[in-house]
Amino acid sequence: METISNIFHNDPLPPLGARANQSIKLRKFIISPYDSRYRTWETFLLVLVVYSAWICPFELAYLRNLSWKIFLVDNIVDSFFAMDIILTFFLAYLDRKSYILVDDPKRIAARYLSSWFLFDVCSTIPYQLLGRIFKKHENGLAYRLLSMLRLWRLRRLSELFARLEKDIRLNYYWIRCTKLISVTLFAVHCSGCFNYLIADRYPDPARTWIGAAIPNYRSESLWIRYVTAIYWSITTLTTTGYGDLHAENPREMLFSICYMLFNLGLTAYLIGNMTNLVVQGSCRTRNFRDTIHAASQFAARNQLPEHIKDEMLSHICLRYKTEGLKQKETLDSLPKGIRSSIAVNLFLPVIKKVYLFHGVSFTCMLQLVTEMEAEYYPPREAVILQNEAPRDIYILVSGAVEERMEIDGTEKVQEVLCGGEIFGEIGGLCSIPQPCTFHTIKVSQLLRLNTTVLKTIFKGNSDDRRVILNNLCQKMNQDHRFSTEVKEKSLQMLHQHFGEYSRCSSFNQDNEKNELKANNGHSMALEWKRVTIHMYSQRNKRAEAPRAKVINLPGSLDELFTTACQKFNNYCLTKLVNPEFAEIDDITVIRDGDHLFFVEL
C-alpha cells in the first residue's frame, strides 16, 4: 500500500525500456526529492510554517517590543528556512515534459532563480535583526510589516494538502474538512489581529471598537485582548453581529467593509466544498430512489404483471449494491493485459469444470476467459427465455439457476443448475431458438459469453472446434428431454455453420436405430477422435518394436483392443489404462488427443 500511494507524490515515470527495479542514480551532491531524509526535512519545515503563520500576525498586532525569547526563536526559525534555500540549489526536480529527474546543477539553479528564489529570500530575511544592527527602530511598524512576508511560506501547506488529498491511505473526506477548518481559523486569526492593530494605532483609544467596550483595554492582559479580537472576528465572519463590538471610526469601518466582502468569498468557498462532500455521499442514494420510482411508474403506466415489476425492482436493487463495489469501473480502467490476468485468476478454475470445454487447449481456455463478462442476477429473474433468439451463453459461478421447459402449455422445472455448469449453449451454438427458460433461484453470479465471439475463437482452431462440438453432440445424445426433431435440427445447423454434420451423425427418428447407436458406445461422436496408443509390457523390450501409434478411435473397447493387437504384434493385451494408470472400461470417457496405455501381464 505504501508503494502504491507513492504514485501520487509525483514520482518520476521510468523511461521506455527501463527495468521496473532500476534505481535512479543522481550526480554527486544532488539530492533526490523522493529521498526519505529529505521528506523528513520537509515535514519538519511544515511545523515551522504553522508556527510562522500564527506568530506573524500576532507579533504585528500585540507585541510592540519583542522579548528576547521570541526574538531568538524567530531568528532560529528563519535560519532553518535559509538552510532550505541553500538545499534547493542541490535538489533535483522533475521535468514535466519527460518525467525524468533533472540533476544538472546549472539547470537546477536557473530554474530556482527564475521561480521562487526571490520570494523565499524576502520571506527569510530577519528584518528586526537588521533593525537592531543598524539601531533604527527595530520594533517599528515598518520592520514588523516586512516580517509579514514570512506568510509566503504557507505555500508549503497548500502543497501538503494537495498531496494528502491524493494519498489513498488517508480518508479524503477528513483531509478536506481539515483543510477547510484550517483556512477558516487562519482567516479568523488574521482578521482579529489586523482589527486590533488598527484600534491600537488609532490616536483616540476611546473611539475604537475595543476601547468603547473596554475603556482601559491596554492595561488588560494579552489573553483578554486576543480573545476579544477573535470574538469580534468570528461574529463578523458568521454575520451574527451581536452589536456589542462594532466599528467606531472610519478606519475600522473601512476594514470591516473589506473583511465582510472577503467573508462573502470565504463563505461561498466553504459552503461549496462542504456541499460537494455531502452530495458525493448522497448522490448515489438519491439516484437509486429516483430510478426505483421511475421503474414503479413505468410498470403501473404500462400495466405490467406484478412478477415482471418485482423482477425490475430486484434487478435495480442488485445493480445498486454491485455499483458500490465499482468492479466494472475498476476493470474498464485497466489495460487489457491486466484485465486478462484478473479474469484468468478468477474464472479459469470455473471454466475448466464446464463440460463443453473439456479437452480444449489451454490457449483456447485463455481466449475464452478473457472475453467473458461477470454479471449479477437477483433471485427469480429470467436469464434466458424459451424460444428467444440466441445471443449469449452463460456459465454459473455461484448461486443456483432453474431450467424450465414449457410442455403442453405448462412450464415445468427440468433441472437445477449449480456452480460450474453452462446453459444456453445449445441454442447459441446451433443458432436455433433457445429450447428452455432459465430462472435464477437466488442471487447468482454468471459469466456471459457472446456466441459470436465464441464461434470466432474456435473457428480458427479446428482441433478445439472438434472437441467442443463433440462435447455438445454427446451432451445432446445423452439428454432425453429434447425431442428427436430438436436434435436433428440442431445438428443440421451445426453442419451449416461448421461443416461437422457428417461427423456428428444425424439423429434418426427410427427408435431401433437410436437404440442400436446407444448399444454401440455412442459411435455417433467417436468416429473422428484421434488418440495415441502405447504398449506397456513386463517382458524384455525389443528396440525394433514400435511403442506408440496414432489411430482413429473406434466405436467400442473390443474394436480398440483388436486394433491395438494389430498394431502391436505378438503381444497379449489385457488391460487399458490412462497416463495415471487408472483403468478405462468405458469408451465414452476417452477424449480426442488422449494417450492410452495397453498393459500385457
Side-chain angles (χ1 to χ4, degrees), residues 291-292 294-296 298-320 322 350 354-356 368 371-455 472 475-476 479-494 496-497:
T291 305
I292 288 289
S296 300
F298 176 84
R301 184 169 56 253
N302 295 280
Q303 299 180 356
L304 297 179
E306 194 66 24
H307 72 277
I308 296 181
K309 176 183 176 182
D310 291 341
E311 287 183 1
M312 292 170 55
L313 300 183
S314 298
H315 181 80
I316 294 173
C317 292
L318 184 61
R319 186 180 63 185
Y320 172 75
T322 55
V350 180
V354 178
Y355 84 88
L356 190 65
L368 289 170
E371 296 295 338
M372 294 181 177
E373 294 187 13
E375 296 178 345
Y376 289 91
Y377 283 80
R380 300 181 302 278
E381 180 166 344
V383 183
I384 294 177
L385 295 178
Q386 187 173 353
N387 295 323
E388 76 171 10
R391 290 184 299 270
D392 304 291
I393 63 175
Y394 296 86
I395 298 173
L396 182 59
V397 179
S398 61
V401 173
E402 275 184 347
E403 180 180 341
R404 304 177 184 177
M405 183 176 291
E406 187 173 347
I407 302 175
D408 299 329
T410 304
E411 195 174 62
K412 297 181 180 180
V413 176
Q414 301 293 318
E415 187 180 359
V416 176
L417 308 179
C418 56
E421 297 193 68
I422 189 172
F423 59 93
E425 76 282 8
I426 296 177
L429 290 177
C430 300
S431 299
I432 62 174
Q434 295 288 2
C436 300
T437 296
F438 295 89
H439 278 261
T440 57
I441 301 176
K442 53 186 177 181
V443 176
S444 303
Q445 182 184 6
L446 304 177
L447 295 179
R448 180 173 59 84
L449 178 62
N450 187 271
T451 54
T452 303
V453 175
L454 175 60
K455 294 175 182 178
L472 181 62
K475 171 72 173 179
M476 295 183 65
D479 198 333
H480 301 291
R481 293 172 298 172
F482 301 114
S483 65
T484 307
E485 180 182 357
V486 172
K487 295 178 181 180
E488 185 70 24
K489 183 178 180 181
S490 301
L491 289 174
Q492 288 176 356
M493 296 305 297
L494 285 177
Q496 178 180 345
H497 287 282

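Computed from a predicted model, the values in this text were never measured in an experiment.
Listed for the Ser444 side chain is no donor-acceptor partner under 3.5 Å among the backbone atoms of Tyr377. Side chain of Asn302 to main chain of Leu304: no donor-acceptor pair is present (N/O by atom type, distance under 3.5 Å, no hydrogens or angles).
Applying the salt bridge (Lys or Arg N to Asp or Glu O under 4.0 Å) test to Glu411 and every residue at least two apart in sequence or in another chain returns Arg404. Here Gln303 pairs with nothing under the side chain to side chain contact (heavy atoms under 4.5 Å, CB included) rule; sequence neighbours left out. For Ser398, there are no side-chain hydrogen bond (donor to acceptor under 3.5 Å, both in side chains) partners two or more places apart in sequence or in a different chain. Remark: Tyr394 pairs with no residue by the side-chain hydrogen bond (donor to acceptor under 3.5 Å, both in side chains) rule, at least two apart or across chains.
Here the straight-line distance linking atom CD of Glu402 with atom NZ of Lys412 works out to 14.5 Å at 0.5 Å rounding. The line from OG1 of Thr437 to CG of Asn387 is 7.5 Å long, rounded to the nearest 0.5 Å. From Ile426, atom CD1 reaches atom CG of Leu356 across 10.0 Å, with rounding to the nearest 0.5 Å.
In terms of heavy atoms, Ala295 sits closest to Met312 at O-CE, 3.8 Å. Of all the heavy atoms in Gln445 and Ala374, the pair that sits closest is NE2-CB, 3.9 Å. Heavy atoms only, all atoms of each residue included: Thr451 and Gly428 are closest at CG2-CA, 3.5 Å.
In this structure, the side chains of Ser296 and Leu313 come closer than 4.5 Å at one or more pairs of heavy atoms. Side-chain atoms of Leu446 and Leu396, non-hydrogen and from C-beta on, do get closer than 4.5 Å to each other. Counting heavy atoms from C-beta outward, Glu403 and Glu421 have side chains that stay 4.5 Å or more apart. Side-chain atoms of Pro379 and Val443, non-hydrogen and from C-beta on, do get closer than 4.5 Å to each other. The side-chain heavy atoms of Leu454 and Leu429, taken from C-beta on, include a pair separated by under 4.5 Å.
Listed by first and then second residue, the salt bridge (Lys or Arg N to Asp or Glu O under 4.0 Å) pairs that reach into residues 379-394 are Asp392-Arg448, sequence neighbours excluded. Here ring pair (Phe, Tyr, Trp, His ring centres under 6.0 Å) pairs that include residues 428-447, with residues two or more places apart or in two chains, are Phe423-Phe438.
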field: CA sep, side-chain torsions, deciding dist, call: Glu371, Leu449, side-chain contact (heavy atoms from CB on, under 4.5 Å)
entry: CA-CA 7 Å; Glu371 296 295 338; Leu449 178 62; 3.9 Å; yes
